[in-house]
Amino acid sequence: MKRVGIIGGGQLAWMMGDAAKKLGVELVVQTPSSDDPAVAIAQDTVLATVDDAISTKILAKKTDVITFENEFVNLESLSFIEHQGVCFRPSLEALTPLLDKYHQRCYLQSLGLPVPQFFALEQAENLGSQIEHLGFPVVLKSRRHGYDGQGTFIIKDLADLQKQLNLNTTTKALSQSLFLIEEFVPFERELAIIAARSVDGEVVTYPVVETQQEQQVCRRVIAPADITPNQAAEIEAIAHTLLNSLEVVGVFGIELFLTTSGKILVNEIAPRTHNSGHFSLDACETSQFEQHLRAVCGLPLGNPALHCVSAVMVNLLGYEISGSDYQSQRQKLAEIPQAFVHWYGKTESRPGRKLGHVTVLLDHRNRDAISTIANNIESIWYPS
Ligand code: ADP
C-alpha cells in the first residue's frame with residue numbers, strides 16, 4: 001500500500017506528514033478547504049466535506065487504502081463504495097458501533113467493559129423520572145458530532161437540563177433522540193491510552209497517560225500516568241479486548257476515568273489518532289501517526305515505548321479571533337530545554353481552537369516540576 005487517502009485534513013492528518021515521508025507513502029486528503037492544515041503535506045487533495053461520499057469515490061480512485069482522521073463521516077453512503085471494493089482501514093464495520101456515543105456505550109457494555117451509567121434520552125416528558133435513579137449532577141451529551149467538549153454539558157438540575165435541551169435543539173420532535181444522559185463521575189483523574197492493531201491482528205499499546213481537561217477541553221497530557229501496575233494492566237487489557245473485538249486496523253484513542261476508589265471506567269473511544277497521543281511524536285520510538293500509517297499500509301507495527309523517562313504535552317488553544325501566527329510566543333516556547341513546538345498552520349485563531357502543541361521531554365517524573373513546566377508554557381502562550 002503506497003497511497004493512503006485520509007478523510008479529514010485537520011492537524012491529525014497533518015501530523016502524518018513526516019511519517020508518510022519516512023515510510024515512502026503518499027497521502028491524499030479529503031477536506032473542505034484548501035487552507036486546512038493537511039493540504040500542505042498532501043500529494044493531492046479532494047476538496048470536499050468529510051461526509052461527501054461521492055468525493056470519497058474520487059479519493060478511492062487516487063489511493064490504495066482509505067483511512068479517517070475524524071469520525072464525522074456518513075457510514076451509510078460510504079458502505080456503497082466499500083461494496084464496490086474500496087478498502088477502508090479501519091473497516092466501516094468496525095466503526096459502526098462507535099460513531100454514535102449511545103451505541104458506543106452499549107457496545108462497550110456488551111463487551112463487559114466498565115462504563116458510567118447511561119441511558120438514551122428518548123422523550124421530552126417525565127425528564128425528572130428518567131433521571132431520578134442517577135441523581136444530579138448528570139452529564140448530557142450529543143450522541144454525534146461532539147468533540148473537544150462541544151456537545152458535552154454538565155447539568156446541575158432539572159431546570160438546567162430543560163434549558164440546555166431548548167438551547168441545543170430546534171424542534172422538540174427531533175431533539176430528544178439526539179442525546180445521551182450519564183452519571184457525573186467525580187473522577188480523581190482522567191487517563192487515556194493509545195492502542196494500535198495491525199492487519200495481522202497484532203495489538204500494541206502506548207504508555208497510559210494522564211489527561212487534564214478544562215471546560216471539557218484537553219489542556220495537558222502527562223506520560224506516563226502515575227498509576228499502579230495493576231491499573232495500567234487493566235487499561236491495557238481493555239484496549240486489547242476492544243481492538244480485538246472490533247478487529248480494527250489502525251490506531252484508536254481510549255479515554256478513561258479513574259475514580260476516587262481506584263475504579264477504572266471507559267469514557268470514550270476515538271476511532272483514530274488522538275490528542276492524548278501527541279506526545280508520541282517526540283517521546284516514543286514510533287509516533288501514533290507513523291503507527292497508524294504502518295497499520296493501514298499492512299506494515300509491521302513499530303515499538304511504542306517512550307525513549308525518555310517522561311513527557312508533558314500542552315495544547316496551544318486559541319484565545320481570541322485573530323489571523324496572527326504568534327511567531328514570538330512560538331519562539332519563546334521553542335527556547336524551553338527539550339521542548340518541541342508543533343504549529344498546525346491554521347489561518348484563523350478562535351477561542352478554544354487547537355492551534356498547536358508543545359511537548360517537553362524529561363529525565364524525571366517529579367509531579368511538581370512537571371506542573372511548573374506546563375504552567376510556564378501556558379504563561380508564555382496565554383496573555384496574562
Ligand atoms: P468530547 O467527545 O467532546 O471530548 P467527552 O465525553 O470526552 O466529550 O467529554 C469531555 C470531558 O468532559 C471529559 O474529558 C471530562 O472532563 C468531562 N466529562 C465527560 N463525561 C463525564 C462524566 N460522565 N462525568 C464527569 N465528567 C465528564
Side-chain angles (χ1 to χ4, degrees), residues 1 3-10 12-13 16 25 27-32 38 46 48-111 113 142-147 178 180 194-203 239-254 266 268-274 288-289 291-299 301:
M1 300 280 186
R3 288 172 310 160
V4 177
I6 307 178
I7 302 186
L12 298 177
M16 287 182 205
V25 166
L27 302 179
V28 183
V29 297
Q30 175 177 333
T31 199
V46 175
T49 56
V50 297
D51 59 354
D52 177 349
I54 309 231
S55 298
T56 304
K57 217 170 154 177
I58 300 169
L59 182 69
K61 289 222 170 75
K62 295 172 182 276
T63 54
D64 304 311
V65 59
I66 291 181
T67 190
F68 306 87
E69 79 115 39
N70 73 57
E71 55 275 25
F72 305 141
V73 292
N74 183 333
L75 286 185
E76 245 169 65
S77 25
L78 287 183
S79 66
F80 281 106
I81 316 179
E82 193 175 49
H83 286 134
Q84 290 165 3
V86 173
C87 175
F88 288 98
R89 287 183 177 156
S91 68
L92 304 185
E93 196 184 345
L95 295 180
T96 300
L98 301 179
L99 301 196
D100 173 311
K101 285 190 188 200
Y102 175 68
H103 294 157
Q104 184 183 109
R105 277 289 163 76
C106 293
Y107 183 74
L108 294 170
Q109 205 171 40
S110 75
L111 295 180
L113 299 179
S142 300
R143 286 172 58 164
R144 279 216 68 187
H145 301 291
Y147 71 101
L178 303 177
L180 160 76
I194 299 289
R197 188 171 177 279
S198 72
V199 169
D200 299 332
E202 183 198 1
V203 175
H240 279 257
T241 302
L242 181 75
L243 271 68
N244 285 330
S245 310
L246 289 165
E247 298 185 0
V248 322
V249 173
V251 161
F252 270 28
I254 305 173
V266 181
E268 197 183 20
I269 312 301
R272 52 168 167 78
T273 56
H274 191 250
Q288 63 166 345
F289 303 101
Q291 200 72 284
H292 187 70
L293 286 178
R294 286 182 161 277
V296 303
C297 291
L299 297 169
L301 298 181

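The residues of the chain are indexed from 1 along the displayed sequence.
- Summarising the local packing, CD of Glu202 is surrounded by more than 12 heavy atoms from other residues, nucleotides or ligands at distances under 6.0 Å.
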Next item on the list: Dump the intermediate steps for side chain to side chain contact (heavy atoms under 4.5 Å, CB included) on Thr56 and Gln30, then the final yes or no.
Entry: CA-CA 7 Å; Thr56 304; Gln30 175 177 333; 2.7 Å; yes
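- Here CG of Leu78 is found 6.0 Å from CZ of Phe68. Values are rounded to the nearest 0.5 Å.
- Remark: Tyr102 pairs with Phe118 by the ring pair (Phe, Tyr, Trp, His ring centres under 6.0 Å) rule, at least two apart or across chains.
- For the atom pair CG of Leu178 and CG of Leu180, the computed distance is 11.5 Å after rounding to the nearest 0.5 Å.
- When the salt bridge (Lys or Arg N to Asp or Glu O under 4.0 Å) test is applied to Glu268, the partners found at least two apart in sequence or on another chain are Lys101.
- The two residues Cys297 and Arg89 make their nearest non-hydrogen contact at C-NH1, 4.3 Å.
- Partner of Met16 under the side chain to side chain contact (heavy atoms under 4.5 Å, CB included) criterion, chosen from Val29, Val296, Leu27, Val4: Leu27.
- Listed by chain and residue number, Asp52 satisfy the side-chain hydrogen bond (donor to acceptor under 3.5 Å, both in side chains) test with Ser55 (two or more places apart in sequence, or in another chain).
- Closest of all the heavy-atom pairs between Ser198 and Ala295 is CA-CB, 4.5 Å.
- Once rounded to the nearest 0.5 Å, the distance linking CD1 of Ile54 with OG of Ser77 reads 8.5 Å.
- With sequence neighbours excluded, no residue forms a side-chain contact (heavy atoms from CB on, under 4.5 Å) with Phe80.
- Not a single side-chain hydrogen bond (donor to acceptor under 3.5 Å, both in side chains) links Glu76 to another residue, sequence neighbours left out.
- A distance of 9.0 Å separates CD in Glu82 from CG in Leu75, rounded to the nearest 0.5 Å.
- Closest heavy-atom contact between Val199 and Gly298: CG2-CA, 3.7 Å.
- Partners of Ser79 according to the side-chain hydrogen bond (donor to acceptor under 3.5 Å, both in side chains) rule, which considers only residues two or more places apart in sequence or in another chain, do not exist here.
- The two residues His292 and Val251 have their closest heavy-atom pair at ND1-N, 3.0 Å.
- Qualifying ring pair (Phe, Tyr, Trp, His ring centres under 6.0 Å) partners for Phe252, counting only residues two or more places apart in sequence or in other chains: none.
- No donor-acceptor pair under 3.5 Å is formed between the side chain of Thr49 and the backbone N or O of Pro32.
- Without hydrogens or angle criteria, Glu69 side chain to Leu12 main chain gives a donor-acceptor distance under 3.5 Å.
- With sequence neighbours excluded, the residues forming a side-chain contact (heavy atoms from CB on, under 4.5 Å) with His103 are Asp100, Arg143, listed by chain and number.
- With sequence neighbours excluded, the residues that form a side-chain contact (heavy atoms from CB on, under 4.5 Å) with Val86 are Ala60, Ile66, Ile81, Phe88.
- Applying the side chain to side chain donor-acceptor pair (under 3.5 Å) test to residues at least two apart or on different chains, the pairs with a partner in residues 239-248 are Arg197-Asn244.
- When all heavy atoms are compared, the tightest approach of Thr63 to Gly5 is CG2-N, 3.4 Å.
- Here the OH-CG distance, from Tyr107 to Leu242, works out to 6.5 Å after rounding to the nearest 0.5 Å.
- Rounding to the nearest 0.5 Å places CD1 of Ile254 at 10.5 Å from NE2 of His274.
- In terms of the side-chain hydrogen bond (donor to acceptor under 3.5 Å, both in side chains) criterion, residue partners of Lys62 (sequence neighbours excluded) are, by chain and number, Asp44.
- Among all heavy-atom pairs drawn from Asn70 and Arg272, the shortest one is CA-CD, 3.9 Å.
- Scored by the side-chain contact (heavy atoms from CB on, under 4.5 Å) test, Ala94 finds Pro90, Ser91, Leu246, Val248 as partners (sequence neighbours excluded).
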